[in-house]
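One structure is given below, encoded as structure tokens.
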Number of protein chains: 2
Amino acid sequence: MEERVGLRERKRRAAMRRVQEVALDLFDEHGFDAVTVKQIAEAAGVAPSSVYRYFETKEGIVLYDPNRIVLSEPARPEEDGLRLFEALYRTITAFVAEHGDEVIDRRRTRYLMEVPSVRTAVAERIFTDVPTMASFIAERTGRSVDELEVQVAAGAFAGGLLAAVRHWHAEDYAEPLGELLERTLATLRDGLEVSLE
Amino acid sequence: MEERVGLRERKRRAAMRRVQEVALDLFDEHGFDAVTVKQIAEAAGVAPSSVYRYFETKEGIVLYDPNRIVLSEPARPEEDGLRLFEALYRTITAFVAEHGDEVIDRRRTRYLMEVPSVRTAVAERIFTDVPTMASFIAERTGRSVDELEVQVAAGAFAGGLLAAVRHWHAEDYAEPLGELLERTLATLRDGLEVSLE
DNA sequence: CTCTCATTTGGGAGTGACTCCCACTTCGGT
DNA sequence: ACCGAAGTGGGAGTCACTCCCAAATGAGAG
């Protein structure tokens with residue numbers, strides 16, 4: 001399972017972490033908008049063009065999660081036969097468990113939630129995954145991806161989860177993530193009306 | 001109810017419509033990305049700085065709806081005492097009824113749904129309204145706007161509706177909008193699991 | 001260990017969205 | 001007709017992002 005990684009890749013990742021590090025330092029000091037990519041590149045000792053190669057956009061510098069685990073394995077076997085939400089719940093909580101409550105790098109998160117252009121980038125990324133989510137739902141429920149209900153469900157999920165995370169942040173991470181997710185999924189599962197009575 | 005509008009405002013709106021018109025022409029011919037704001041301004045006979053004054057961004061040119069009716073009156077009286085979804089449903093269908101099925105200017109819509117940067121702008125605008133939606137929900141259900149469930153519901157709504165509109169577009173507007181909305185709201189109301197069984 | 005090839009990096013040149021500013025025009029009310 | 005307010009044109013500038021290519025540097029073969 002260990003991915004083989006040469007010097008090349010190691011250097012690249014080191015550089016990326018360094019760039020992100022100094023970028024966050026500069027952002028903390030002057031604010032996201034007041035810092036230029038050129039300044040970041042200089043401070044990190046790389047060329048501006050390299051920064052774009054690494055992160056695509058300025059927002060990407062904040063978005064990048066060096067510890068990210070790709071959990072795109074096409075559904076774990078033990079989730080087969082479960083109803084939709086049970087499967088989802090287990091997938092998500094497994095993910096959270098692996099990371100502890102430290103899914104969150106507070107430093108980055110502040111920008112993810114508060115700087116408008118970065119917020120937008122986050123939303124965009126989440127909604128990029130809507131088709132994937134729709135496939136997942138379609139698979140679990142035996143429906144077609146193209147059905148309205150499936151699409152709406154996927155969109156509602158994305159929107160609901162995004163709102164939940166923003167709420168979590170707004171309340172200063174007071175509620176344990178696990179609990180929060182459970183309540184969020186329950187709301188989505190049981191219907192918006194019922195759960196609001 | 002008629003808003004008094006002087007020559008100044010009339011000229012401004014005429015200019016905006018003209019700019020949008022020629023912009024869409026140019027987009028149709030060369031593609032959104034290949035057309036510069038300067039070209040649009042020239043073709044419309046205004047200064048580039050005016051275009052930005054009017055629309056804020058290039059995407060804003062497409063977003064702008066000259067026929068938009070502001071329906072932000074704080075809840076119509078006849079909706080009082082209704083349950084959340086009934087009130088929502090009536091609000092939305094009333095809006096649709098007023099506009100016929102012509103809520104949609106096909107020309108603009110194509111760009112709203114297909115050009116990445118414009119798509120993003122649409123999503124952004126919708127999610128800008130989430131706090132408003134949350135207030136609406138909070139009011140109707142006697143809960144606090146700050147509650148997780150309320151926030152999640154508002155986010156899920158936004159995401160669900162966005163997905164519905166995209167589905168509608170993807171299917172070439174085959175289904176009547178009223179029906180589509182009814183199914184969408186039903187899915188959100190009754191819960192994502194139930195309605196997918 | 002060395003040579004060669006495939007990648008990656010640095011940095012220069014350029015594009016275009018968007019901002020700032022200010023002199024000039026034009027509208028609205030007296 | 002006149003004055004003050006608001007809008008317009010257009011010049012100058014910033015910065016995110018792209019394209020390109022020559023120089024540098026790992027990776028693998030012999």
Side-chain angles (χ1 to χ4, degrees), chain A residues 3-20 22-24 26-27 29-64 111 115-122 124-125, chain B residues 3-20 22-24 26-27 29-64 111 115-122 124-125:
Chain A
E3 192 174 335
R4 217 163 163 36
V5 73
L7 175 55
R8 207 156 223 157
E9 186 61 19
R10 236 176 306 132
K11 271 197 165 178
R12 178 193 171 83
R13 290 187 196 169
M16 287 181 77
R17 271 198 288 275
R18 201 170 60 249
V19 170
Q20 190 182 54
V22 307
L24 290 171
L26 289 169
F27 293 159
E29 190 170 358
H30 305 105
F32 183 84
D33 292 325
V35 178
T36 72
V37 173
K38 198 173 147 203
Q39 290 171 340
I40 297 169
E42 250 160 45
V46 297
S49 54
S50 292
V51 174
Y52 286 109
R53 255 195 294 274
Y54 294 153
F55 302 104
E56 242 100 305
T57 63
K58 186 180 176 186
E59 287 76 27
I61 300 173
V62 182
L63 254 336
Y64 173 67
Y111 294 101
V115 176
S117 67
V118 183
R119 265 174 79 108
T120 302
V122 172
E124 209 176 326
R125 178 159 297 190
Chain B
E3 193 174 334
R4 204 146 178 45
V5 74
L7 175 55
R8 205 155 225 155
E9 187 61 19
R10 234 175 309 133
K11 271 194 166 179
R12 178 192 172 83
R13 289 187 196 167
M16 287 181 77
R17 271 197 289 273
R18 200 170 62 248
V19 171
Q20 189 182 55
V22 308
L24 289 172
L26 289 169
F27 293 160
E29 189 168 0
H30 306 105
F32 183 83
D33 292 325
V35 178
T36 73
V37 173
K38 199 173 147 201
Q39 290 170 342
I40 297 170
E42 249 159 46
V46 297
S49 53
S50 291
V51 174
Y52 285 108
R53 252 195 296 273
Y54 295 152
F55 303 104
E56 240 98 306
T57 63
K58 186 180 175 186
E59 287 75 27
I61 301 173
V62 182
L63 252 340
Y64 173 66
Y111 293 102
V115 176
S117 67
V118 183
R119 264 173 80 108
T120 301
V122 172
E124 210 177 325
R125 178 159 299 189

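Reckoned from all heavy atoms, side chains included, excluding hydrogens, waters and symmetry mates. Below, chains carry the letters A, B, ... as their sequence lines are ordered, and counting in each starts from 1.
- Listed nucleotides D:dG9, D:dA16, D:dC17 differ in distance to A:T36; the shortest reach to its side chain belongs to D:dA16.
- A salt bridge links B:E9 to B:R13: at least one charged side-chain nitrogen sits closer than 4.0 Å to a carboxylate oxygen.
- Between A:F32 and A:K58 there is a side-chain heavy-atom pair separated by less than 4.5 Å.
- Between A:F55 and A:Y64, the ring planes are perpendicular. Angles over 60° get that label, and only those under 30° would be called parallel.
- Contact annotation: A:Y54 does not reach the phosphate of C:dT8 (side-chain N/O to OP1 or OP2, under 4.0 Å).
- Closest-nucleotide positions on DNA chain D for A:R53 and A:V35 were compared, and the one nearer the 5' end corresponds to A:V35.
- In the set C:dT19, C:dC27, D:dG9, C:dC27 carries the atom at the smallest distance from any side-chain atom of B:K11.
- In the helix from C:dC1-D:dG30 to C:dT30-D:dA1, the rotation axis of the first five pairs and that of the last five pairs differ in direction by 30°, rounded to 10 degrees.
- The nearest pair of heavy atoms linking B:R12 to B:R53 is NH2-O, 4.1 Å.
- Separating the CZ atom of A:R10 from the P atom of C:dT8 is a distance of 15 Å, rounded to the nearest angstrom.
- The A:L7 side chain lies nearest to D:dA27 when the options are D:dC17, D:dT8, D:dA27.
- Within the model, atoms CG of B:L63 and CZ of B:R125 stand 4.0 Å from one another, a figure rounded to the nearest 0.5 Å.
- In this structure, the CE atom of A:M16 is 13 Å from the P atom of C:dT8, given to the nearest Å.
- Nearest nucleotide to the side chain of A:S49, out of D:dA27, D:dT18, C:dG10: C:dG10.
- Side-chain to base pairing of A:R12 with C:dT8: no donor and acceptor N or O lie closer than 3.5 Å to each other.
- Closest approach to the A:K58 side chain among D:dC17, C:dT9, C:dC20 is made by D:dC17 (side chain taken as heavy atoms from C-beta onward).
- Relative to the side chain of B:S50, the nucleotides D:dT8, C:dC18, D:dA16 differ in distance, and D:dT8 lies closest.
- B:E9 places its CD atom 18 Å from the P atom of C:dT26, with the value rounded to the nearest Å.
- The CZ atom of A:R18 sits 10.0 Å away from the NZ atom of A:K11 when rounded to the nearest 0.5 Å.
- For B:R8 against C:dT26, a side-chain N or O and a base N or O form a donor-acceptor pair under 3.5 Å.
- Checked by atom type and distance alone, the side chain of B:E59 never pairs as donor or acceptor with a backbone atom of B:V118 at under 3.5 Å.
- The CD atom of B:E59 sits 9 Å away from the C1' atom of C:dA17 (whole-angstrom rounding).
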